[in-house]
Amino acid sequence: CGRLSACAAPGRLATAGQLHDPKVLAAQVQRMLKDDRTRSLAIEFGAQWIHVRGFDELREKNEKLFPTFDAKLRKAIYEETILFFQDLFQSDRTVAQILDADYTFLNDTLAKHYGIPGVQGPQWRKVDGVRKYGRGGVLGLASVQAKESGASRTSPILRGNWVVETLLGEKLPKPPKGVPELPEEDGGSDKLTTRQRVIKHTSEPACATCHVRIDPYGFALEKYDPIGRPREKDLAGLPVDAKATLRDGTEFEGIDGLRSYLLAKKKDTIVKLFCRRLLGYALGRAVTLSDTVLLEEMVSEVNKNDGRITAAVLTIVRSPQFRMVRGSDFAK
């Protein structure tokens with residue numbers, strides 16, 4: 001099912017008018033969310049939301065530097081993302097678990113890439129306790145880490161911008177024209193790390209205003225290489241620094257520090273943005289001012305139900321906006 005409405009309730013219930021009964025409607029929503037066709041929801045909503053849809057076709061990496069980044073690995077990295085979002089809906093996870101899940105989905109190919117032991121065979125399985133390996137939640141997905149990197153090096157700027165725009169919903173202005181590009185690869189005569197080059201590069205007043213907002217988030221993810229592998233040194237052999245200081249003076253380090261900060265200080269923002277994105281997906285259009293009351297109701301229902309994603313879905317399907325949209329609009 002593409003949109004949330006695409007998997008229609010049984011015809012007999014609709015014909016009998018029973019879908020107007022809130023209990024019947026809730027039961028049908030629960031049934032639909034457990035259906036294997038939620039895979040389409042995981043792709044069209046989940047992967048699209050975090051900007052990795054079609055990751056298996058990503059070929060923009062330096063083959064000489066990253067020979068293992070082949071079609072098999074790309075497919076495995078993408079499958080992890082799909083299974084993660086499919087499970088969020090099927091298992092009625094909380095919105096917070098988008099960030100703080102201590103599990104992921106692995107086969108032997110991806111486990112080897114991540115350095116996680118004990119996973120044998122090509123079959124996919126849910127693996128708990130992965131935070132100690134630097135995984136868990138969308139921040140730990142190699143699809144995100146690799147997509148928000150360059151062909152030959154990491155990009156704290158791209159990764160930081162992804163956090164700010166995708167998870168926090170902030171809009172940033174486009175960079176000014178004429179900004180020089182950073183070197184394509186780690187190393188060089190200056191003996192600087194990518195982080196050090198970024199700091200030097202963005203110290204100009206015209207650049208600093210935006211970069212002070214985004215770069216710290218990207219610095220926290222520097223212990224992942226351009227294809228999402230854990231690392232302590234960059235390709236030039238220089239040690240990686242994942243410490244971050246926000247413009248308000250808040251300090252944290254690495255993925256664990258970033259995750260903790262977002263959950264402690266930005267959870268309400270993330271929940272509201274998730275609801276907004278899900279509503280837009282379900283309605284097949286942009287969320288407008290007239291949807292404000294519905295959006296607030298979604299957030300309230302999620303919070304009243306221990307953060308459960310199903311609460312947001314049920315609020316949508318009970319709404320006039322969803323139930324009165326004509327079928328032809330779903331193709332938009």
_Could you check whether Ser300 and Asn303, counting side-chain N and O atoms only, form a donor-acceptor pair closer than 3.5 Å?_
no
*Could you give the distance from CD1 (Ile309) to CG (Leu278), rounded to the nearest 0.5 Å?*
8.0 Å
*ring pair (Phe, Tyr, Trp, His ring centres under 6.0 Å) partners of residues 126-157, not counting sequence neighbours, each pair once*: none
*asked:* Please determine whether a side-chain nitrogen of the Lys or Arg among Glu79 and Arg39 lies less than 4.0 Å from a carboxylate oxygen of the Asp or Glu.
replied: yes
*Value rounded to 0.5 Å, distance of OG1 in Thr154 from CD in Glu222*: 3.5 Å
*When you check the gap from the basic side-chain N to the acidic O, do Asp70 and Lys72 get nearer than 4.0 Å?*
no
*Classify the angle between the aromatic ring planes of Tyr103 and Phe105 as parallel (below 30°), tilted (30 to 60°) or perpendicular (above 60°).*
perpendicular
*asked:* Main chain of Thr288, side chain of Asp291: is a donor-acceptor contact present, judged purely on distance under 3.5 Å?
replied: yes
_Whether the Thr104 and Glu80 side chains hold a donor-acceptor pair (N or O, under 3.5 Å, no angle test) is what I'd like checked._
yes
Name every donor-acceptor pair, under 3.5 Å, that has one atom in a side chain of residues 244-251 and the other anywhere in the protein, sequence neighbours excluded.
from, atom 1, to, atom 2, distance (Å)
Asp248, OD1, Thr250, N, 2.9
Asp248, OD1, Thr250, OG1, 2.8
Asp248, OD2, Thr250, OG1, 3.3

*Are the side chain of Arg153 and the backbone of Leu235 linked by a donor-acceptor contact shorter than 3.5 Å?*
no
*asked:* If you count every heavy atom of other residues, nucleotides or ligands that lies below 6.0 Å from Gln123 atom CD, does the total exceed 12?
replied: yes
*Take atom NZ of Lys126 as the centre, draw a 6.0 Å sphere, and report whether it contains more than 12 heavy atoms from other residues, nucleotides or ligands.*
yes
*If we ignore angles and hydrogens, is there a donor and acceptor under 3.5 Å between the side chains of Thr310 and Asp92?*
yes
*Pair Lys223 + Glu232, salt bridge at N-O below 4.0 Å*: yes
*What distance do Asp102 atom CG and Gln97 atom CD have between them, rounded to the nearest 0.5 Å?*
10.0 Å
_Heavy-atom donor-acceptor pair, Arg285 side chain to Gly280 backbone, under 3.5 Å_ = no
_Within this structure, what is the NZ-OG1 distance for the pair Lys233 and Thr193, rounded to the nearest 0.5 Å?_
13.5 Å
*Where the side chain of Gln30 meets the backbone of Ala27, is there a donor-acceptor pair that is under 3.5 Å apart?*
no
*Would you confirm whether Asn107, through its side chain, and Leu110, through its main-chain N or O, come within 3.5 Å as a donor-acceptor pair?*
yes
*Summary of ring pair (Phe, Tyr, Trp, His ring centres under 6.0 Å) pairs that have at least one residue in residues 221-262, sequence neighbours excluded*: Phe252-Tyr261
*Quick one: do Ile270 and Leu99 satisfy side-chain contact (heavy atoms from CB on, under 4.5 Å)? Show the steps, please.*
CA-CA 10 Å; Ile270 292 167; Leu99 286 178; 3.4 Å; yes
_Closer than 4.0 angstrom, basic N to acidic O: yes or no for Lys272 and Glu296?_
no
*Which residues satisfy the side-chain hydrogen bond (donor to acceptor under 3.5 Å, both in side chains) test with Glu57, sequence neighbours excluded?*
Arg59
*Any chance you could lay out the side-chain contact (heavy atoms from CB on, under 4.5 Å) test for Glu44 and Arg53, step after step, and finish with the verdict?*
CA-CA 8 Å; Glu44 301 297 335; Arg53 187 174 182 273; 2.8 Å; yes
*asked:* Tell me every residue that passes ring pair (Phe, Tyr, Trp, His ring centres under 6.0 Å) with Trp124, counting only those two or more places apart in sequence or in another chain.
replied: none
*Give the cluster check for Leu88 versus Leu273: same hydrophobic cluster or not, with ILVMFWY residues linked at side-chain heavy-atom distances below 4.5 Å.*
no
_Pairing donors with acceptors under 3.5 angstrom, does anything connect the side chains of Glu301 and Thr315?_
no
*Sub-3.5 Å donor-acceptor pair from the side chain of Gln321 to the main-chain atoms of Ile316, do we have one?*
no
_Side-chain donor or acceptor of Asp234 paired with backbone N/O of Pro239 under 3.5 Å_ = no
*asked:* Once side-chain hydrogen bond (donor to acceptor under 3.5 Å, both in side chains) is applied, do any residues pair with Arg259, and if so which ones, sequence neighbours excluded?
replied: Asp256
*Is there a donor-acceptor pair closer than 3.5 Å between any side-chain N or O of Arg277 and the backbone N or O of Trp49?*
no
_For the CD atom on Glu60, are there more than 12 heavy atoms of other groups (residues, nucleotides or ligands in this structure) within a distance under 6.0 Å?_
no
*Counting distance only, does the side-chain N/O of Lys61 pair as donor-acceptor with the main-chain N or O of Phe66 below 3.5 Å?*
no
*Do Leu258 and Leu158 share a hydrophobic cluster (ILVMFWY, side-chain heavy atoms under 4.5 Å, transitive)?*
no
